[in-house]
Amino acid sequence: MPKKVNRVLLGLSGLVLLAVGGGVLATGLGMSVPSWWPFDGRDDVLLSKADRMRWRGEGWWWPVVIAVLAVLVLLALWWLLTQLRRHRLAEVLVDSRDGEGAVLRGRALEHALAGEAQTLDGVERAHVTLTGRREAPKARVALLLAPHAEPAETLSGLTHGALAQGRDSAGLDSLPAEVRLREVKHGARRVS
């Protein structure tokens with residue numbers, strides 16, 4: 001889940017919980033609340049007896065309530081699992097040709113790829129993140145290009161240079177990559 005969507009959902013849910021909790025607390029303490037607020041006194045209940053008994057006789061009511069609550073629980077569990085999931089690859093499995101294999105730290109390969117990418121002409125800064133599975137990693141590369149950089153040449157140099165060397169040195173069959181190119185902010189050149 002994108003970070004922005006996650007932050008917006010967390011912010012909205014926090015604001016709703018804060019507003020409802022504050023309103024219930026204010027009502028319970030006997031403070032004045034707006035006229036549209038559903039509770040108006042210390043002895044007021046969330047659902048009156050008539051509200052609780054209204055749909056009890058209907059055959060569809062309880063299955064719908066249980067289904068809605070089950071969907072809400074599943075959505076909350078999915079959201080929790082996406083928060084706990086690692087977005088970075090911690091290690092890469094390297095085939096050492098002896099049948100056992102070796103493990104390479106993901107950060108080490110990321111730093112090596114980024115360092116090699118920064119040596120390319122026109123690259124101001126490079127950032128590499130490994131994702132995927134440890135047997136089949138994928139690279140996300142973000143390059144910040146200087147004003148004089150040629151994007152096609154830089155991309156070709158990255159593909160045939162840093163990514164190919166990283167793939168070969170780690171003994172991987174392939175290293176798919178998503179490359180994002182951005183340019184350094186600079187002022188217009190004056191010609192006289």
Side-chain angles (χ1 to χ4, degrees), residues 1-19 71-72 74-192:
M1 179 182 313
K3 288 181 182 180
K4 290 182 182 178
V5 173
N6 189 24
R7 288 179 183 158
V8 167
L9 286 175
L10 280 173
L12 287 176
S13 60
L15 284 175
V16 167
L17 289 173
L18 185 66
V71 167
L72 287 174
L74 288 176
L75 283 173
L77 285 174
W78 170 76
W79 194 14
L80 175 67
L81 289 176
T82 58
Q83 300 305 309
L84 297 177
R85 187 184 65 169
R86 284 189 173 180
H87 298 286
R88 270 195 144 130
L89 196 59
E91 55 190 27
V92 176
L93 188 62
V94 178
D95 185 14
S96 59
R97 309 276 191 246
D98 63 358
E100 299 219 4
V103 176
L104 173 66
R105 280 190 30 234
R107 294 269 176 133
L109 185 55
E110 287 174 356
H111 289 306
L113 289 172
E116 188 68 29
Q118 279 183 324
T119 63
L120 295 171
D121 183 41
V123 175
E124 293 282 326
R125 192 170 54 225
H127 180 74
V128 178
T129 304
L130 291 177
T131 60
R133 296 181 326 226
R134 57 186 257 173
E135 303 86 24
K138 298 175 185 172
R140 271 195 242 147
V141 183
L143 298 178
L144 188 62
L145 301 179
H148 71 277
E150 294 289 330
E153 290 177 16
T154 304
L155 188 59
S156 176
L158 178 71
T159 304
H160 300 300
L163 291 175
Q165 288 176 4
R167 180 192 65 227
D168 294 341
S169 65
L172 300 170
D173 294 331
S174 67
L175 182 60
E178 173 187 324
V179 181
R180 294 179 186 234
L181 304 175
R182 287 185 322 141
E183 64 178 337
V184 174
K185 302 273 189 236
H186 63 282
R189 288 186 289 194
R190 299 198 183 268
V191 179
S192 49

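Here the structure is a predicted model, which means the values were calculated and not measured. All residue numbers refer to positions in the sequence shown, counting from 1. Just so you know, these numbers use all the heavy atoms, side chains as well, and skip hydrogens, waters and symmetry mates.
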Hey, is the main chain of Leu155 close enough, under 3.5 Å, to the side chain of Thr159 for a donor-acceptor pair?
yes
If I compare all heavy atoms of Ala117 with all of Leu158, which pair ends up nearest, and what's the gap?
CB-CD1, 3.7 Å
Let me confirm one number: the NE2-CD distance from His127 to Glu110, rounded to the nearest 0.5 Å.
6.5 Å
Please name the pair of heavy atoms, one in Gly132 and one in Leu89, separated by the smallest distance, quoted to 0.1 Å.
O-CD1, 3.2 Å
Using every non-hydrogen atom in the two residues, find where His148 and Gly122 come nearest and quote the distance to one decimal.
NE2-CA, 3.8 Å
Let me see the working for Val92 and Leu172 under side-chain contact (heavy atoms from CB on, under 4.5 Å), right down to the final yes or no.
CA-CA 9 Å; Val92 176; Leu172 300 170; 4.1 Å; yes
Would you say the side chain of Lys138 lies within less than 4.5 Å of the side chain of Arg140, judging by non-hydrogen atoms?
no
Leu145 side chain reached by Val123 side chain, heavy atoms, under 4.5 Å:
yes
Pairs satisfying salt bridge (Lys or Arg N to Asp or Glu O under 4.0 Å), at least one member in residues 149-174, at least two apart
none
Measure across Gly106 and Leu130 and return the closest heavy-atom pair with its distance rounded to 0.1 Å.
O-CD1, 3.6 Å
I need the full list of salt bridge (Lys or Arg N to Asp or Glu O under 4.0 Å) pairs touching residues 119-133, with sequence neighbours left out, sorted by first then second residue.
Arg133-Glu135
For side-chain contact (heavy atoms from CB on, under 4.5 Å), just list the numbers for Leu175 and Leu113, CA-CA rounded to whole Å, side-chain angles, deciding distance to a tenth of an Å, and then say yes or no.
CA-CA 11 Å; Leu175 182 60; Leu113 289 172; 4.3 Å; yes
For Thr154, check side-chain hydrogen bond (donor to acceptor under 3.5 Å, both in side chains) against everything at least two apart and list the hits.
none
Search all heavy atoms of Leu143 against all heavy atoms of Ala126 and return the closest pair with its distance.
CD2-CB, 3.5 Å
Shortest non-hydrogen pair, Ala177 vs Leu163, comes out as CB-CD1, 3.6 Å
Could you tell me the separation between the CG atom of Leu77 and the CG atom of Leu72, rounded to the nearest 0.5 Å?
11.0 Å
